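Read the structure below first, then the notes.
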Number of protein chains: 2
Amino acid sequence: MDELSLFSRIGRTISLEKGQSLIWEGDQSLIVANIVSGLFKLTTSLDDGREQIIGIAYPADFVGRPFGTTNEYTVTALTDARLCVFSRTDFDRFAPDHPEMEHKLLQKTLDELDRARRWMLLLGRKSAPEKVATFLLEMSQKLAGSGCDTADKQLNEFELPFGRQQVADILGLTIETVSRQLTQMKNSNLIDLPDRRHVNILEPERLAQISSAQTAV
Amino acid sequence: MDELSLFSRIGRTISLEKGQSLIWEGDQSLIVANIVSGLFKLTTSLDDGREQIIGIAYPADFVGRPFGTTNEYTVTALTDARLCVFSRTDFDRFAPDHPEMEHKLLQKTLDELDRARRWMLLLGRKSAPEKVATFLLEMSQKLAGSGCDTADKQLNEFELPFGRQQVADILGLTIETVSRQLTQMKNSNLIDLPDRRHVNILEPERLAQISSAQTAV
DNA sequence: CGCAAAATTGAATAGTCTCAAATGTAGTGG
DNA sequence: CCACTACATTTGAGACTATTCAATTTTGCG
C-alpha cells in the first residue's frame, strides 16, 4: 500500500460518530474513502423502509463508487470511526496513473463480489435456522481473522458488532425470527448468549451441519 | 479493448453447447474467459440441490476468477456459445503489465458488484409479486440495451432466455410460485404470455409500482 | 430508581412451499 | 400428418415457515 500512502496526501482524515452516514444511496458519487478505524454497514432500502444490509466494511476497506456517478448504497458507521476521504474526481484522475493501486483495488473488488454472491445463495435459498447458523460461523471466522485473543482460525467466543435488527437486515429476516432462532439454539445448547452482544459457540460442528455448508469437494 | 485483442493471441476460442459448463464451483481456478457469443448463468448450490443463479453473463463479459485459486461458482451455457479462453496463470502474469486492461476489468467488476448488491435487496426483502415484477422490468431493459428491434430504452415485448425453473433460481422462489405469479399478472392484464418464452408487458407503470422500485430521489 | 430502547415471547395470520395431478408443448418416428 | 413420448409448465390442496401485531421482559443509562 505504498502508493496509497502517497495518495493519502490528497485525502483528508475525518471522524464519524456511531450512526452517522458518509454516503447516501441515490446521491451523486462525490467522495470515496479508505476506512482507518471502525465498522460500517452498506445498505439499500425500499420505499416503505424495508432495509437490506448488503455489506460490512472493516478497517482497510474501501467504500464509495469510483468511476461512476451514483452511489448505489448508503454507508453508515456502526461504531465511532475514522476515514481517509478523497474527492471522487481526484481519485478517478489519480487512479489510472497508479496501476499498482488499481490492481489492489481490483483484487479487493473481486473478493467483495465473491462474498456478495455467496450471500445471495443464503438470501435466496436458505431457511431461517440455516441463515442464523451460517451467520454465526461467518462472524466467528471474520472476527478470528482480526486476531484478538488467540491465533486460532476460528474464535468460538466473540462479541457481535450488531444489534438484533441489524442481524435481521443482514439475513433478510425479521428481528423476531432472529431472536427466536437464537434462543432456540441456546436452548439446544448449540450456543450460549452471555449477554445480548456476546455469542459463545458450543458445538461448531453441529452448527456447521445446520448451516448447510456447501460441499467442499 | 485494443490490449484485449493483443491479449487474445495467448487465448484460444472454444465453442460450448447449450447446457455445458465451463467452470465448476469449488474447482481450482485454472481458466478465465471472455464471452464472444451466447448467454451464461453463474450458479452456486447447496448439498441438497437447491440452486441460486447469482449472475448472468452476456457477450463481452468476463468470467472466471483471476488472482484467486478457487472458483466460487459454476459457469454454464444457456445457449450455444463461443468464448475466448485463457489460462489463469497466463492472465495473472499478463494483466499487471497492462494497466488499461486492468482498469476496464475493474470497471466491469465494480458494475457487477453493484448489480449483485442490488439483487441482494430483492432476494432478502421483496415478496414474490415484487420479485417477478422487478425481474420482468429488468429483463425488458437489459434486452432493450442489445438493440434488437427499436432503439427504445425499454422493450415491452421480448423473448425470455430462461425457463421457469431458471427464473425461480434467479429470484429465490420455487417454479410453482413463479408460474402462479405470472398467470396472475396475465389475468390482471398486466402482461401477456403469447408462449412460454415470450413476454409482453402491457402496463409498465403498474408493473413498476408492484416492483417496489427504490425512490429515485 | 426510573425511563427509553432493545430484545424476547406469544398468538394468529399470510405467504410460500411441498407434493400430487393435470395440462400443455416440442420433438421423434411411424 | 399423426400418434407417441419426454419434458416443461400449470393448477390444486394442504402443510409449514416466517411474518405481523401485541404484550412483556430485559438492558443500559441518566
Side-chain angles (χ1 to χ4, degrees), chain A residues 17-19 41 46 48-53 78-80 122-136 159-188 191-199 210 212, chain B residues 17-19 41 46 48-53 78-80 122-136 159-188 191-199 210 212:
Chain A
E17 283 174 33
K18 178 175 176 170
K41 64 170 179 177
L46 294 169
D48 58 7
R50 278 174 289 174
E51 184 169 306
Q52 178 68 46
I53 295 183
L78 291 173
T79 61
D80 290 350
L122 174 139
L123 291 174
R125 291 303 186 199
K126 287 192 178 180
S127 68
E130 289 169 345
K131 284 179 173 181
V132 173
T134 306
F135 170 75
L136 291 175
E159 183 180 352
L160 263 190
F162 312 109
R164 294 288 186 272
Q165 181 60 60
Q166 284 161 356
V167 176
D169 289 340
I170 290 172
L171 298 176
L173 295 170
T174 58
I175 185 173
E176 294 95 331
T177 301
V178 171
S179 179
R180 278 185 250 270
Q181 294 302 329
L182 285 174
T183 50
Q184 204 167 311
M185 287 177 174
K186 181 180 177 175
N187 292 339
S188 316
I191 60 172
D192 191 27
L193 302 167
D195 65 73
R196 60 177 166 183
R197 286 272 170 168
H198 284 86
V199 180
I210 293 173
S212 270
Chain B
E17 283 174 32
K18 178 175 178 169
K41 64 170 180 177
L46 295 169
D48 58 8
R50 278 174 289 174
E51 183 169 306
Q52 178 68 45
I53 294 183
L78 291 174
T79 62
D80 290 350
L122 174 140
L123 292 173
R125 290 302 186 199
K126 287 193 178 180
S127 67
E130 289 169 344
K131 284 180 174 180
V132 173
T134 307
F135 170 76
L136 291 176
E159 182 180 352
L160 263 189
F162 312 109
R164 294 287 185 273
Q165 181 60 61
Q166 284 163 356
V167 176
D169 289 340
I170 290 172
L171 297 176
L173 295 171
T174 58
I175 185 172
E176 294 95 332
T177 301
V178 172
S179 179
R180 278 186 250 271
Q181 295 302 329
L182 285 173
T183 51
Q184 204 167 311
M185 286 177 175
K186 181 180 177 175
N187 293 338
S188 315
I191 60 172
D192 190 28
L193 302 168
D195 64 72
R196 60 179 166 180
R197 285 271 170 170
H198 285 87
V199 181
I210 293 171
S212 272

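Note that the structure is predicted; figures quoted are calculated from it, not measured. Order of the sequence lines sets the chain letters (A, B, ...), proteins ahead of strands, with each chain counted from 1.
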Next on the checklist: Suppose we call a contact any N or O donor and acceptor under 3.5 Å apart; does that hold for the side chain of A:Arg164 and the base of D:dT26?
Outcome noted: no

Checklist entry - Within this structure, what is the CG-to-C1' distance between B:Asp195 and D:dA8, rounded to whole angstrom? => result 13 Å

Item to check | Spacing of B:Asp169 atom CG relative to C:dC17 atom P, expressed in whole Å | outcome: 12 Å

Checklist entry - Side chain of B:Gln165, base of D:dC7: donor and acceptor closer than 3.5 Å? => result no

Checklist entry - Where the side chain of B:Thr183 is defined as all heavy atoms beyond and including C-beta, which of D:dA18, C:dT18, D:dT11 is the nearest nucleotide? => result D:dT11

Checklist entry - Taking CD from B:Glu176 and P from D:dG12, how many angstroms apart are they, rounded to a whole number? => result 14 Å

Checklist entry - Could you go step by step and tell me if A:Ile210 and A:Val132 meet the side chain to side chain contact (heavy atoms under 4.5 Å, CB included) rule? => result CA-CA 9 Å; A:Ile210 293 173; A:Val132 173; over 6 Å; no

Checklist entry - Rounded to the Å, how far apart are B:Glu130 CD and C:dA14 C1'? => result 14 Å

Checklist entry - Would you say the side-chain atoms of A:Ser212 and A:Lys126 include a donor-acceptor pair closer than 3.5 Å? => result no

Checklist entry - Side chain of B:Ala128: nearest nucleotide among C:dT16, D:dT9, D:dG12? => result C:dT16

Checklist outcome for this item: Shortest non-hydrogen pair, B:Leu122 vs B:Lys131, comes out as O-CE, 3.4 Å

Item to check | Nearest-Å distance for atom pair NZ/C1', residues B:Lys126 and C:dT16 | outcome: 18 Å

Item to check | Nearest-Å distance for atom pair NZ/C1', residues B:Lys18 and D:dC7 | outcome: 12 Å

Checklist outcome for this item: Whole-Å distance, B:Arg196 CZ to D:dT10 P, equals 9 Å

Item to check | Nearest-nucleotide pick for A:Thr174, side chain only, options being C:dT16, C:dT25, D:dT20 | outcome: D:dT20

Next on the checklist: For a 4.5 angstrom cut-off between non-hydrogen side-chain atoms, does A:His198 reach A:Leu160?
Outcome noted: no

Checklist entry - Starting at the 5' end of DNA chain D, which residue's closest nucleotide do you reach first, A:Val178 or A:Pro194? => result A:Val178

Checklist outcome for this item: Against the side chain of A:Ser127, the closest entry in D:dG28, D:dA18, C:dT16 is D:dA18

Next on the checklist: Looking at the base of C:dG15, is there any donor atom on it, or on the side chain of B:Arg180, that sits under 3.5 Å from an acceptor on the other one?
Outcome noted: no

Checklist entry - Looking at D:dT9, C:dT9, C:dC17, which one has an atom nearest to any side-chain atom of A:Ser179? => result C:dT9

Checklist entry - A:Gln184 CD to C:dT8 P: how many Å, rounded? => result 13 Å

Next on the checklist: The side chain of A:Leu173 is closest to which nucleotide in this list: D:dA18, C:dT18, D:dT20?
Outcome noted: D:dA18

Checklist entry - Can you find a donor-acceptor pair, distance only, under 3.5 Å between A:Arg197 side chain and D:dG28 base? => result no

Checklist entry - In terms of side-chain heavy atoms of B:Thr177, which of C:dA7, D:dT9, C:dC17 is nearest? => result C:dC17

Checklist entry - So do the side chains of A:Lys18 and A:Leu78 get within less than 4.5 Å of each other, counting heavy atoms only? => result no

Checklist entry - Does the side chain of B:Asp169 reach to within under 4.5 Å of the side chain of A:Arg125, using non-hydrogen atoms? => result yes

Checklist outcome for this item: Per atom distances to the A:Ile175 side chain, the nearest of C:dT8, D:dT19, C:dA20 is C:dT8

